[in-house]
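Reminder, nothing fancy here: chain letters follow the sequence lines and each chain counts from 1. What you are looking at is a predicted structure, and each value in this text was computed from that prediction instead of being measured.
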2 protein chains.
Amino acid sequence: MAKPTRARLPTSEPLKMAPELEELIGYNLKRAYVVVQKDYRAALGDGGLSPRTFAALSLAVAYPNLTQSNLARMLGIERSGLVAIIDELERDGLLKRTTVPGDRRVQALVPLEAGIAAHRATLAKVKAHEDKLLEDLSDVEKETLIFLLRKIRRHETES
Amino acid sequence: MAKPTRARLPTSEPLKMAPELEELIGYNLKRAYVVVQKDYRAALGDGGLSPRTFAALSLAVAYPNLTQSNLARMLGIERSGLVAIIDELERDGLLKRTTVPGDRRVQALVPLEAGIAAHRATLAKVKAHEDKLLEDLSDVEKETLIFLLRKIRRHETES
DNA sequence: GCATATTGTTAAGTAGGTAAACAGTTTTGC
DNA sequence: GCAAAACTGTTTACCTACTTAACAATATGC
């Protein structure tokens, strides 16, 4: 009598996948996103800016005197969710909230020199991480991928 | 004297973006993923399976008697993270944990009839949601996108 | 046999948000 | 003018989707 067949995949075999799952854009999108995000964190280390913090800083540097509301809209998140991100950037001395003469509700975001430097340094690291992770994609493939992702992004709800 | 210039973007203008951010694959990937995920949830409603639960059910249906460890590996998550997902599927009567004769550590996952039906129905809804959301992409574009995302997924860490 | 590995599980923590409410401050509609 | 509506930043509570570390029970390698 043979020993009972194992009701599982031997770990030495390649992992199988549900065929229909693998054909879904959403599933592939998520799995690819996880790959890139993990590599981002590995590349930038513990002291580095998180993806969302880097994105916020990038926009604040590119568009000085942005308000938090507008920045939240650009990032596609709620105003309330941006508060912690700005708190972190301000605490790290990368930008500061400043009052605006014409509107006392608003706090314009002014990038500081350390913030501009941190942005430049982090951008270089992020580009290096992407270049290395995606070195098996040709330039045309990368451009095509961005083109297609932007086509999906056209459905972003601009609340 | 003109009234002080507003230190923010008028909301009537199109939202600007940080140029370098828009060229990053990771950023576009995340934003596109959020679009698809939100549409998924809107399409499936409150009673529907979440993306992760649907993915787990798909694999459990495609490969009956899978163990939780193997399923977690296929999904690219930790064993501990899968427990809540299986709890939910079992609570909803979609599958059940069963003991395996040869190995008393293992709990094989057996899809129930309700689970097979729920999987089929949910798959149809998910396909409909993707078809509608991505109707502005041609079939070739969709295939290309999946091809490129899978190229990124080749870097998945198969721990 | 004993050391080592594996399985499922719990508990605690993390990341990245949303939703609702709020006070303070404009802006709109008459 | 002035009340109603809208907008800003913020706090609080909550949520989703994980991870890490530990654990007992069980199985495997040598």
Give the rounded distance in Å between these two atoms: CZ of A:Arg52 and P of C:dT14.
14 Å
Just how far, in rounded Å, is C1' of D:dA17 from CD of B:Gln37?
10 Å
Just wondering, are more than 12 heavy atoms of other shown residues or ligands nearer than 6.0 Å to NZ in A:Lys96?
no
Is the shortest side-chain N/O distance from B:Ser69 to OP1 or OP2 of C:dT7 below 4.0 Å?
yes
Measure from the side-chain N and O atoms of A:Asp103 to the backbone N and O of A:Arg105, and report whether any donor-acceptor pair falls under 3.5 Å.
yes
Closest nucleotide among D:dT20, D:dA6, D:dG9 to the A:Arg105 side chain
D:dA6
Mutual orientation of the aromatic rings belonging to B:His129 and B:Tyr40 [parallel < 30°, tilted 30-60°, perpendicular > 60°]
perpendicular
To the nearest angstrom, the CD1-C1' distance between A:Ile86 and D:dT10 comes to 13 Å
Would you say D:dC7 has OP1 or OP2 under 4.0 Å from some side-chain N or O of A:Arg79?
no
Specify the residue among A:Lys38 and A:Gln68 whose closest nucleotide of DNA chain D lies further upstream toward the 5′ end.
A:Gln68
Rounded distance in Å - CD1 (B:Ile77) to P (D:dC18)
6 Å
From the list D:dT10, D:dA17, D:dT20, which nucleotide is the closest neighbour of the side chain of B:Pro51?
D:dA17
So, does B:Arg41 get its side chain near the phosphate of D:dA17, meaning an N or O under 4.0 Å from OP1 or OP2?
yes
When you measure from the side-chain N and O atoms of B:Lys30 to the phosphate of C:dA15, is any distance below 4.0 Å, counting only OP1 and OP2?
no
For D:dA21, does either OP1 or OP2 sit under 4.0 Å from a side-chain N or O belonging to B:Ser80?
no
I'd like to know if the side chain of A:Asn28 pairs up with that of A:Arg31 as donor and acceptor (distance under 3.5 Å, no hydrogens or angles considered).
no
Side-chain N or O of A:Gln107 closer than 4.0 Å to phosphate OP1/OP2 of D:dT8
no
Options D:dT26, C:dT25, D:dT10, nucleotide nearest the side-chain atoms of B:Arg104:
D:dT26
Distance col, row A:Leu82:CG vs A:Ile77:CD1, nearest 0.5 angstrom, shows 5.0 Å
